[in-house]
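Here's the structure we're looking at; comments come further down.
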Amino acid sequence: MPRKRKQPTTWFHRNSRYLIAGVATAGMLLAIGCMAKGNSALAGSAYVKLGGLSLPLLGAMAYGLMGAMAIGPIATKNKSLEGPTWLGLFISSTAMTIFSGYLLYIMMAVLQEPCVPCFLSAFLSVGLWGLTLSGNRWESLGQLLLPGISVALVAFIATTGLYAYAQNPDSFTAGNPPPVVETSSGASEIALAKHLTAIGAKKYGAWWCPHCHAQQTLFGKQAFEHLNYVECDEEGVNPQPNVCRTAGVQSYPTWEINGEIYAGVQQLRALATASGYTGPQEFINQSGGHP
């Protein structure tokens with residue numbers, strides 16, 4: 001039987017690792033820039049946090065890993081790393097592409113908060129996946145079937161778990177949850193909540209505090225999910241008493257906005273003024289608060 005002729009090596013295949021490393025570096029710089037700029041509504045959302053790590057940090061780590069695997073065999077001149085790193089690049093880029101799809105869904109369908117850097121990151125992730133598939137002369141695409149299916153299942157389970165946790169975190173954690181917020185949110189309440197989170201504002205409170213519940217009622221259920229809430233009581237859900245003490249919280253609720261402290265229940269228009277919010281202010285839940 002005649003031997004199979006070896007296909008010629010093209011410029012693209014000779015430089016594919018450099019191309020992957022370049023795209024990964026661009027993605028890592030984009031993630032670092034997002035960390036320096038501050039959290040967006042998506043980056044600070046519970047829908048995307050793993051182990052308390054923010055979305056930009058996770059992205060920087062993923063892109064850094066891709067770059068290291070791409071350039072590793074070249075830098076070390078170790079040809080034995082070629083096969084394992086190509087498989088690692090495929091697995092990592094597949095997971096990143098699936099997670100990017102999940103992020104786009106959360107951004108557009110759940111939070112309804114467009115994020116240009118997130119679109120760019122998704123584009124880079126898909127690009128890395130495409131470069132990985134076409135940049136190596138795989139013996140057979142069938143060899144990628146099992147690892148591809150495996151990583152897709154793991155990514156699906158992880159994103160499903162993230163979504164379920166963000167929808168109902170109390171079912172995953174111990175502690176006393178606050179009373180259920182029964183009022184609904186209008187578009188203005190949701191927009192204000194997203195703005196407060198985007199500028200790093202925090203609401204400190206305790207699960208048993210009636211004034212905290214009154215503040216949450218003013219925002220409504222949907223809007224309150226977007227706020228950066230810090231539980232100060234050790235018996236509450238996800239308590240952070242040390243954070244509250246460091247912030248000098250002496251009563252509940254307390255707001256920290258742009259370095260200023262505001263104690264007590266705040267009307268939504270007052271929060272809008274304090275935070276520099278200029279969006280719509282047709283708030284529907286104004287009764288029950290204090291000026």
Side-chain angles (χ1 to χ4, degrees), residues 39-49 52 54-55 106-107 109-113 162-173 175-233 235-240 243-244 247 249 251-258 261-277 279-291:
N39 286 341
S40 66
L42 178 62
S45 172
Y47 286 98
V48 298
K49 285 190 175 181
S54 67
L55 175 60
I106 295 299
M107 179 177 61
V110 180
L111 299 180
Q112 299 179 355
E113 181 79 10
L162 276 175
Y163 186 83
Y165 172 79
Q167 288 284 305
N168 188 16
D170 296 341
S171 63
F172 288 79
T173 55
N176 297 294
V180 175
V181 178
E182 297 181 351
T183 55
S184 296
S185 305
S188 297
E189 282 85 355
I190 294 174
L192 174 60
K194 291 179 178 179
H195 168 75
L196 290 168
T197 296
I199 66 171
K202 297 179 181 179
K203 175 188 178 292
Y204 301 94
W207 62 273
W208 45 262
C209 168
H211 300 294
C212 300
H213 183 63
Q215 182 74 84
Q216 293 160 207
T217 299
L218 287 178
F219 275 95
K221 179 180 180 180
Q222 296 83 357
F224 184 71
E225 292 178 353
H226 294 281
L227 290 173
N228 186 3
Y229 172 70
V230 180
E231 174 61 54
C232 295
D233 191 281
E235 296 183 0
V237 176
N238 295 325
Q240 302 180 64
V243 174
C244 300
V249 175
S251 61
Y252 310 127
T254 291
W255 287 90
E256 183 180 357
I257 304 173
N258 293 330
I261 298 297
Y262 301 86
V265 179
Q266 304 294 316
Q267 287 284 356
L268 301 190
R269 287 192 174 86
L271 291 173
T273 300
S275 65
Y277 170 75
Q281 299 189 26
E282 291 77 29
F283 302 120
I284 63 176
N285 297 321
Q286 283 299 299
S287 62
H290 300 290

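The analysis underlying the following values was restricted to heavy atoms, covering all of them including side chains, and did not include hydrogens, waters or symmetry mates.
Counting heavy atoms from C-beta on, the side chains of Leu268 and Glu189 come closer than 4.5 Å. A heavy-atom distance below 4.5 Å is not found between the side chains of Asn228 and Leu196. Residues Glu225 and Leu227 form no side-chain contact, since every pair of their non-hydrogen atoms from C-beta on lies 4.5 Å or further apart. Here the side chains of Val265 and Pro253 are in contact, with some heavy-atom distance below 4.5 Å. Using a 4.5 Å cut-off on side-chain heavy atoms (C-beta onward), Leu218 and Phe283 make no contact.
With Glu256 contributing its side chain and Thr254 its backbone, the two residues share no donor-acceptor pair below 3.5 Å.
Taking CD1 from Ile257 and CD1 from Ile199, the interatomic distance works out to 6.5 Å, rounded to the nearest 0.5 Å. Atoms OG and CG, on Ser275 and Asn258 in that order, are 7.0 Å from each other to the nearest 0.5 Å. Residue Ile261 holds its CD1 atom at 10.0 Å from NZ of Lys202, rounded to the nearest 0.5 Å. Taking CG of Leu192 as the reference point, atom CZ of Arg269 lies at 11.0 Å (rounded to 0.5 Å).
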Return all side-chain donor-acceptor pairs below 3.5 angstrom for residues 178-186, not counting sequence neighbours, or 'none' if the list is empty.
residue : atom : partner : partner atom : Å
Thr183  : OG1  : Thr217  : O            : 2.8
Ser185  : OG   : Phe219  : O            : 2.8
Ser185  : OG   : Gly220  : O            : 3.3
Ser185  : OG   : Gln222  : N            : 3.3
Ser185  : OG   : Gln222  : OE1          : 3.3
Ser185  : OG   : Ala223  : N            : 2.9

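Contact between Asp233 and Ala206 at its shortest, heavy atoms only, is CB-CB, 4.2 Å. Shortest non-hydrogen contact noted between Pro280 and Glu282 is CB-OE1, 3.4 Å. Taking every heavy atom of both residues into account, Glu231 and Asn238 meet most closely at CB-O, 3.9 Å. The heavy-atom pair separating Gln216 from Phe224 by the smallest distance is CG-CE1, 3.1 Å.
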Start with the C-alpha gap between Ile190 and His226, add the side-chain angles, then the distance that decides, and say whether side chain to side chain contact (heavy atoms under 4.5 Å, CB included) holds. CA-CA 7 Å; Ile190 294 174; His226 294 281; 4.1 Å; yes
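No side-chain N or O of Trp208 forms a donor-acceptor pair with one of Asn176 less than 3.5 Å apart.
Each of Tyr252, Tyr229, Trp255 was compared with Gln215 under the side chain to side chain donor-acceptor pair (under 3.5 Å) criterion, and only Trp255 meets it.
His195 pairs by the ring-ring contact (aromatic ring centres under 6.0 Å, His included) definition with Tyr277, not counting sequence neighbours.
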